[in-house]
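As structure tokens, the structure follows; a few thoughts come after it.
In each ligand, atom 1 is the first atom listed, and ligand 1 is the first ligand listed. No experiment lies behind these values; they were computed from the predicted model shown. Every heavy atom of this structure was used, including side-chain atoms; hydrogens, water molecules and symmetry mates were not.
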Amino acid sequence: MKLPQFDYQAPQTIAEAIELLAKYEDDASVLAGGQSLIPLLALRLARPAVLIDINGVSDLAGLSLAHGQVTIGTLTREYRAEESDVVADRLPLLAAALPLIGHAAIRSRGTVGGSLAHGDPAAELPAVALALDATFVVRGATGERIIKAPDWFEGYLTTARRPDELLIEVRFPAAGPGTGASFVEVARRHGDFAIVGLATSLTLADGRISDARLALAGVSDVPVRAAEAEDVLIGEQPSAALFGEAARRATAGLDPPADLHGSADYRTKIAATLIRRGLRGAADNASERQANG
Ligand SMILES: Cc1cc2nc3c(=O)[nH]c(=O)nc-3n(C[C@H](O)[C@H](O)[C@H](O)COP(=O)(O)OP(=O)(O)OC[C@H]3O[C@@H](n4cnc5c(N)ncnc54)[C@H](O)[C@@H]3O)c2cc1C
């Protein structure tokens with residue numbers, strides 16, 4: 001399907017991009033990898049008057065580790081993050097999630113910031129960002145704002161970013177060797193968006209769980225932190241019985257949406273299975289990472 005007509009702007013610097021956003025605000029859409037925006041345009045679900053293509057703004061791409069944080073520039077392609085040694089060593093949860101996003105061709109264009117700015121509640125990266133309490137840095141004509149993940153996801157495809165602001169980078173706390181992770185999901189086919197997905201990060205100290213972070217995708221209009229499960233896990237030794245109890249607690253109050261892919265009850269049952277499976281995977285991963293130092 002042909003795209004609707006729009007004006008096209010291609011800034012080369014962050015300052016130029018922000019100037020354009022301040023000028024056009026709601027009339028503009030930022031174009032990053034285009035893997036979500038272009039389908040929205042083709043289906044006429046978005047009709048921006050202007051596209052601000054940030055692909056020429058090289059300062060927006062890159063990945064670095066400093067002061068216990070991994071900072072990922074918004075324009076960093078998903079495949080670049082997937083190939084990064086820093087991500088493999090210090091962000092095991094992101095490393096587990098990235099290969100599940102669509103297919104290689106999509107990840108070669110799609111950007112980390114694009115997925116998080118889009119804010120699809122069934123997508124992998126929003127659940128990862130919520131589980132890890134990531135920090136979002138946005139900049140507009142009036143300055144910079146720092147937004148924590150729980151405040152970033154406001155509703156279905158809606159984030160705390162204002163129309164005149166550009167997402168600049170996302171900061172994740174770097175994991176130590178005692179932290180392991182898993183991303184598990186049920187999708188109709190490999191590469192499809194998850195019906196339900198689960199991001200899990202577990203830290204083990206002296207054989208007990210000292211930190212637990214779980215976030216579900218596909219169960220609400222935003223990713224959802226499974227705080228009840230986390231409370232059950234802290235201070236305990238990993239076991240099948242403990243993981244079963246965490247799954248029971250986390251799903252007791254869940255009220256997922258029903259659609260043609262599954263009823264609310266089906267999604268709740270998948271979530272319980274994924275929590276048991278995800279916790280086992282994350283605990284095994286933590287033990288392996290500890291053993292490898
Ligand atoms: C066939 C197919 C399958 C897919 N499967 C999956 C999947 O399984 N899981 C998954 O998570 N995703 C999936 N995706 C989406 C993919 O991950 C996208 O790459 C991602 O959602 C958006 O990233 P993008 O860089 O392409 O952003 P774009 O499409 O360019 O932009 C997405 C939105 O974010 C805004 N935006 C982008 N960057 C910024 C910025 N710096 N500041 C402010 N606003 C910004 C845009 O204006 C737009 O509203 C799939 C896509 C396709 C086409």
Side-chain angles (χ1 to χ4, degrees), residues 3 6 9 11 14 17-18 20-22 24-43 45-62 72-82 94 96-130 136-140 144-145 147 152-153 156-170 183 185-197 199 215 217-218 223 261:
L3 301 185
F6 49 80
Q9 300 279 351
I14 294 176
I18 289 170
L20 287 163
L21 277 170
Y24 294 110
E25 293 202 350
D26 268 338
D27 291 335
S29 283
V30 172
L31 174 67
Q35 299 303 298
S36 296
L37 183 58
I38 298 298
L40 287 181
L41 296 179
L43 294 168
L45 295 172
R47 298 289 294 258
V50 185
L51 281 197
I52 302 176
D53 179 351
I54 57 170
N55 284 276
V57 186
S58 54
D59 285 351
L60 289 172
I72 304 186
T74 188
L75 198 61
T76 307
R77 307 284 170 197
E78 289 157 345
Y79 91 95
R80 284 267 180 218
E82 201 177 341
L94 185 63
L98 283 162
L100 299 175
I101 300 175
H103 303 281
I106 288 151
R107 300 195 297 274
S108 76
R109 288 301 299 167
T111 65
V112 171
S115 175
L116 293 166
H118 189 54
D120 190 319
E124 287 81 6
L125 299 192
V128 169
L130 185 67
F136 292 76
V137 180
V138 295
R139 203 179 296 165
E144 201 161 89
R145 289 196 301 144
I147 302 166
W152 177 257
F153 302 105
Y156 185 71
L157 303 186
T158 307
T159 70
R161 183 186 74 85
R162 295 198 281 254
D164 66 333
E165 288 174 327
L166 186 67
L167 176 60
I168 302 289
E169 64 190 29
V170 187
F183 200 106
E185 63 182 37
V186 170
R188 286 183 60 231
R189 296 166 305 189
H190 175 74
D192 281 5
F193 275 95
I195 297 173
V196 179
H261 299 305

For ligand 1, which atoms have a heavy atom of [X] less than 4.0 angstrom away?
{"X": "Leu100", "value": "8 (O)"}
{"X": "Gly34", "value": "24 (P), 26 (O), 27 (O), 28 (P), 29 (O), 30 (O)"}
{"X": "Ser115", "value": "20 (C), 21 (O), 22 (C), 23 (O)"}
{"X": "Gly102", "value": "4 (C), 5 (N), 6 (C), 7 (C), 8 (O)"}
{"X": "Gly33", "value": "24 (P), 25 (O), 26 (O), 27 (O), 30 (O)"}
{"X": "Ile54", "value": "41 (N)"}

Hey, is ligand 1 close enough to [X] that some N/O pair sits below 3.5 Å?
{"X": "Pro39", "value": "no"}
{"X": "Gly113", "value": "no"}
{"X": "Thr74", "value": "yes"}

With a sphere of 6.0 Å drawn around CZ of Arg80, does it hold more than 12 non-hydrogen atoms of other residues, nucleotides or ligands?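 No - once you tally the heavy atoms of other residues, nucleotides and ligands closer than 6.0 Å, there are 12 at most.
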Pick one of side chain, backbone, both or neither for how Arg161 approaches ligand 1, counting any non-hydrogen atom pair under 4.0 Å.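 For Arg161, the contact with ligand 1 is made by the side chain alone.
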For [atom], which candidate among [options] provides the closest heavy atom?
{"atom": "atom 9 (N) of ligand 1", "options": "Glu124, Gln35, Arg109", "answer": "Glu124"}
{"atom": "atom 1 (C) of ligand 1", "options": "Leu75, Leu21, Ile106, Val128", "answer": "Ile106"}
{"atom": "atom 17 (O) of ligand 1", "options": "Glu78, Arg77, Glu185", "answer": "Glu78"}

Atom [atom1] of [X] and atom [atom2] of [Y]: how far apart are they, to the nearest 0.5 Å?
{"X": "Ile72", "Y": "Thr111", "atom1": "CD1", "atom2": "OG1", "value": "11.0 Å"}
{"X": "Ile147", "Y": "Leu167", "atom1": "CD1", "atom2": "CG", "value": "8.5 Å"}
{"X": "Phe193", "Y": "His261", "atom1": "CZ", "atom2": "NE2", "value": "10.5 Å"}
{"X": "Ile38", "Y": "Leu31", "atom1": "CD1", "atom2": "CG", "value": "5.0 Å"}

Identity and separation of the nearest protein heavy atom to [atom]:
{"atom": "atom 46 (C) of ligand 1", "answer": "Val30 O, 2.9 Å"}
{"atom": "atom 49 (O) of ligand 1", "answer": "Leu37 CD1, 4.4 Å"}
{"atom": "atom 21 (O) of ligand 1", "answer": "Ser36 OG, 2.8 Å"}
{"atom": "atom 45 (C) of ligand 1", "answer": "Ala117 CB, 3.5 Å"}
{"atom": "atom 27 (O) of ligand 1", "answer": "Gly114 CA, 3.6 Å"}
{"atom": "atom 25 (O) of ligand 1", "answer": "Thr111 OG1, 2.6 Å"}
{"atom": "atom 42 (N) of ligand 1", "answer": "Leu167 N, 2.9 Å"}
{"atom": "atom 19 (O) of ligand 1", "answer": "Gly110 CA, 3.1 Å"}

For residues 99-107, which side-chain N or O atoms pair as donor and acceptor with protein atoms under 3.5 Å away, sequence neighbours left out?
{"residue": "Arg107", "atom": "NE", "partner": "Glu82", "partner atom": "OE1", "Å": "2.8"}
{"residue": "Arg107", "atom": "NH1", "partner": "Pro99", "partner atom": "O", "Å": "3.2"}
{"residue": "Arg107", "atom": "NH1", "partner": "Ile101", "partner atom": "O", "Å": "2.8"}
{"residue": "Arg107", "atom": "NH2", "partner": "Glu82", "partner atom": "OE2", "Å": "3.4"}

pair [X]-[Y]: side-chain heavy atoms closer than 4.5 Å:
{"X": "Ile195", "Y": "Arg188", "answer": "yes"}
{"X": "Leu37", "Y": "Leu51", "answer": "yes"}
{"X": "Leu125", "Y": "Phe183", "answer": "no"}
{"X": "Asn55", "Y": "Leu75", "answer": "yes"}
{"X": "Leu166", "Y": "Val30", "answer": "yes"}
{"X": "Phe6", "Y": "Arg47", "answer": "no"}

If you apply the rule salt bridge (charged side-chain N to carboxylate O under 4.0 Å, His left out), what do you find for Glu165 with Arg145, and how did you get there? CA-CA 9 Å; Glu165 288 174 327; Arg145 289 196 301 144; 2.8 Å; yes
contact_flag Gly191 ligand 1 heavy-atom lt 4.0 Å: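 Heavy atoms of Gly191 do come under 4.0 Å of ligand 1.
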For Asp192, is the nearest heavy atom under 4.0 Å from an atom of ligand 1?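 Flag set, Asp192 near ligand 1.
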Anything under 30° is parallel, anything over 60° is perpendicular, the rest tilted; go ahead and classify Phe153 against Phe136.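 Geometry flag for Phe136 against Phe153: perpendicular rings.
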